[in-house]
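Take a look at the structure below.
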Amino acid sequence: MIIATWNVNSVKQRLGHLQKFLTETRPDVLCLQEIKCVDEAFPRLEVEDLGYNVAVHGQKGFNGVAILSRLPLADVTPRLPGNEEDVQSRYLEAVISLPGGKSVRVASIYLPNGNPIGTEKFTYKLAWMDRLRNHAAELLALEEPTILGGDYNVIPEFKDVSDPEAWANDALLQPESRAAYRRLLGLGYTDALRACDDRGGLYTFWDYQAGAWQKNKGIRIDHLLLSPQAADRLKEVEIHKRMRALDKPSDHVPVSVTLDLPTD
DNA sequence: ATGACCTAACTTTTAGGA
């Protein structure tokens with residue numbers, strides 16, 4: 001079973017790339033972030049034509065997440081618990097039904113950017129991460145295979161950034177952000193990429209500006225966190241770097257995990 | 001050496017991103 005995550009930076013602008021990725025990689029599940037449209041504007045028919053069920057939690061103009069699945073989706077739940085007044089569309093959870101009565105739980109996460117630091121945006125980011133930790137702890141108690149995939153907007157370690165000085169005052173690299181991410185792992189989740197490869201220089205985002213892609217000035221901020229029941233099935237992780245070299249790309253590339261779970 | 005982008009929207013400028 002292949003489960004992937006991708007910040008597409010507008011699903012309408014990126015439909016061609018999305019179709020290409022779904023056709024070539026055939027993930028069983030794809031978590032999308034920054035779809036940047038309302039539910040009604042999501043290119044549902046085009047995605048369904050490729051054999052996917054679609055769950056969308058959109059928002060006008062920015063944010064917005066979705067989950068695409070070749071297998072049936074159940075218990076589709078938008079919004080992260082813990083703040084009823086938070087209207088930003090950054091979280092969508094669903095249960096994917098597998099043959100033989102098994103299932104996996106998947107969440108598509110678009111964690112707040114938090115810039116600039118020292119403002120309410122950074123406070124919102126840390127509060128959101130606290131809510132995520134509380135919910136992630138509750139999910140662990142279910143003792144199911146659970147995959148929390150998304151754009152975490154956190155650079156976990158210095159080996160995950162090519163130019164640390166350039167990011168020194170950025171919310172993505174602040175000690176508080178990294179500590180909050182580390183607390184997620186401390187609950188018992190596994191960073192899938194790190195479980196498979198301990199090298200530095202493995203990036204998922206390259207800025208559009210200043211030739212960042214050409215100079216390989218990237219950062220690793222798109223992550224797949226696995227519950228113990230999912231981590232036990234982990235086979236491999238792939239960063240789909242080729243998607244960044246296409247014409248008019250997203251600034252993020254897809255990341256996928258292969259789990260030893262039968263889908264037929 | 002320096003500067004260099006992209007997207008959506010009540011669009012010709014601003015807000016948001018990272």
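The sequence lines fix the lettering, A, B, ..., with proteins before strands; numbering per chain opens at 1. Model, not experiment: these values are computed from the prediction.
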Practice prompt. For A:N63, report the nucleic acid contact type (base, sugar-phosphate, nothing); a contact means any heavy atom under 4.0 Å.
Written response: nothing

Discussion item. To the closest 0.5 Å, what do you measure between CZ (A:R105) and CG (A:D75)?
Written reply: 6.5 Å

Item to complete: Could you work out the separation of B:dC6 and B:dT11 based on their C1' atoms and round it to a whole Å?
Response: 15 Å

Worksheet entry | Residue whose nearest DNA chain B nucleotide is more 5′ - A:N113 or A:S10 | A:S10

Discussion item. Quick check for you: to the nearest 0.5 Å, what is the distance between A:D28 atom CG and A:L259 atom CG?
Written reply: 9.5 Å

Item to complete: Look at all strands and tell whether A:D207 reaches a base, only sugar-phosphate, or nothing, counting heavy atoms closer than 4.0 Å.
Response: base

Worksheet item: Among residues 116-126 of chain A, which residues get a heavy atom nearer than 4.0 Å to DNA chain B?
Response: A:K121

Worksheet item: Think A:R14 has a side-chain N or O under 4.0 angstrom from the OP1 or OP2 of B:dT7?
Response: yes

Discussion item. I want to confirm an ordering. Mapping A:A210 and A:G114 to their closest nucleotides on DNA chain B, which one lands closer to the 5' end?
Written reply: A:A210

Fill in: Under 3.5 Å donor-acceptor, A:T204 side chain and A:D222 backbone
yes

Response to the item:
In whole angstroms, the gap separating P of B:dC6 from CZ of A:R244 amounts to 9 Å

Discussion item. Taking only the P atom of each, what is the distance from B:dG3 to B:dA9 in whole angstrom?
Written reply: 32 Å

Worksheet item: For A:K36 and B:dT7, what is the distance between atoms NZ and C1' respectively, to the nearest whole Å?
Response: 4 Å

Worksheet item: What does A:N153 touch in the nucleic acid at a heavy-atom separation under 4.0 angstrom: a base, only the sugar-phosphate, or nothing?
Response: sugar-phosphate

Worksheet item: Within this structure, what is the CG-to-C1' distance between A:N7 and B:dA18, rounded to whole angstrom?
Response: 10 Å

Worksheet item: When rounded to the nearest Å, what value does the distance between P atoms of B:dG16 and B:dC10 take?
Response: 14 Å

Discussion item. Around atom CD of A:Q214, are there more than 12 heavy atoms from other residues, nucleotides or ligands closer than 6.0 Å?
Written reply: yes

Worksheet item: When you measure from the side chain of A:Y203 to the backbone N and O of A:K217, does any donor-acceptor pair fall under 3.5 Å?
Response: no

Worksheet item: Whole Å only: how far is the OH atom of A:Y208 from the C1' atom of B:dT7?
Response: 8 Å

Fill in: Side chain of A:R90 - closest among B:dG17, B:dA18, B:dA8
B:dG17

Worksheet entry | B:dG16 phosphate, OP1 or OP2, under 4.0 Å from A:Y110 side-chain N/O | no

Discussion item. In this structure, how many angstroms lie between the C1' atom of B:dA15 and the CD atom of A:Q88, rounded?
Written reply: 13 Å

Item to complete: Measure the distance from OH on A:Y152 to P on B:dA18 and round it to the nearest whole Å.
Response: 15 Å

Fill in: Separation between the C1' atoms of B:dA4 and B:dA18, rounded to whole Å
16 Å

Discussion item. Membership question, hydrophobic clusters at under 4.5 Å side-chain separation (ILVMFWY): are A:V11 and A:V38 in the same one?
Written reply: no

Fill in: Side-chain ion pair, A:R178 and A:D160, N-O less than 4.0 Å
no

Practice prompt. Using atom types as modelled and distance alone, determine if a side-chain donor or acceptor of A:K159 lies under 3.5 Å from a backbone N or O of A:D198.
Written response: yes

Item to complete: Rounded off to whole Å, could you give me the CH2-to-C1' distance for the A:W206 and B:dA18 pair?
Response: 14 Å

Worksheet item: B:dA8 P sits how many Å from A:D251 CG, rounded?
Response: 12 Å

Practice prompt. Under 4.5 Å between side-chain heavy atoms, chaining through other members, with only Ile, Leu, Val, Met, Phe, Trp and Tyr counted: pull out the rest of the cluster around A:L225, sorted by chain and number.
Written response: A:L80, A:Y91, A:I109, A:L111, A:Y124, A:W128, A:M129, A:L132, A:L139, A:L140, A:L142, A:L148, A:Y152, A:V154, A:Y181, A:L184, A:L185, A:L187, A:Y189

Worksheet item: With respect to the phosphate group of B:dA18, does any side-chain polar atom (N or O) of A:Q209 fall under 4.0 Å of OP1 or OP2?
Response: no

Worksheet entry | Interface residues of residues 211-222 of chain A with DNA chain B (non-hydrogen, below 4.0 angstrom) | A:K215, A:I219, A:I221

Practice prompt. Assign A:K60 to base, sugar-phosphate, or nothing according to its heavy-atom contacts below 4.0 angstrom with the strands shown.
Written response: sugar-phosphate

Worksheet entry | Sidechain N-carboxylate O distance under 4.0 Å for A:D163, A:K215 | no

Worksheet entry | Name of the residue among A:H252, A:Q33, A:K36 meeting side chain to side chain donor-acceptor pair (under 3.5 Å) with A:N9 | A:K36

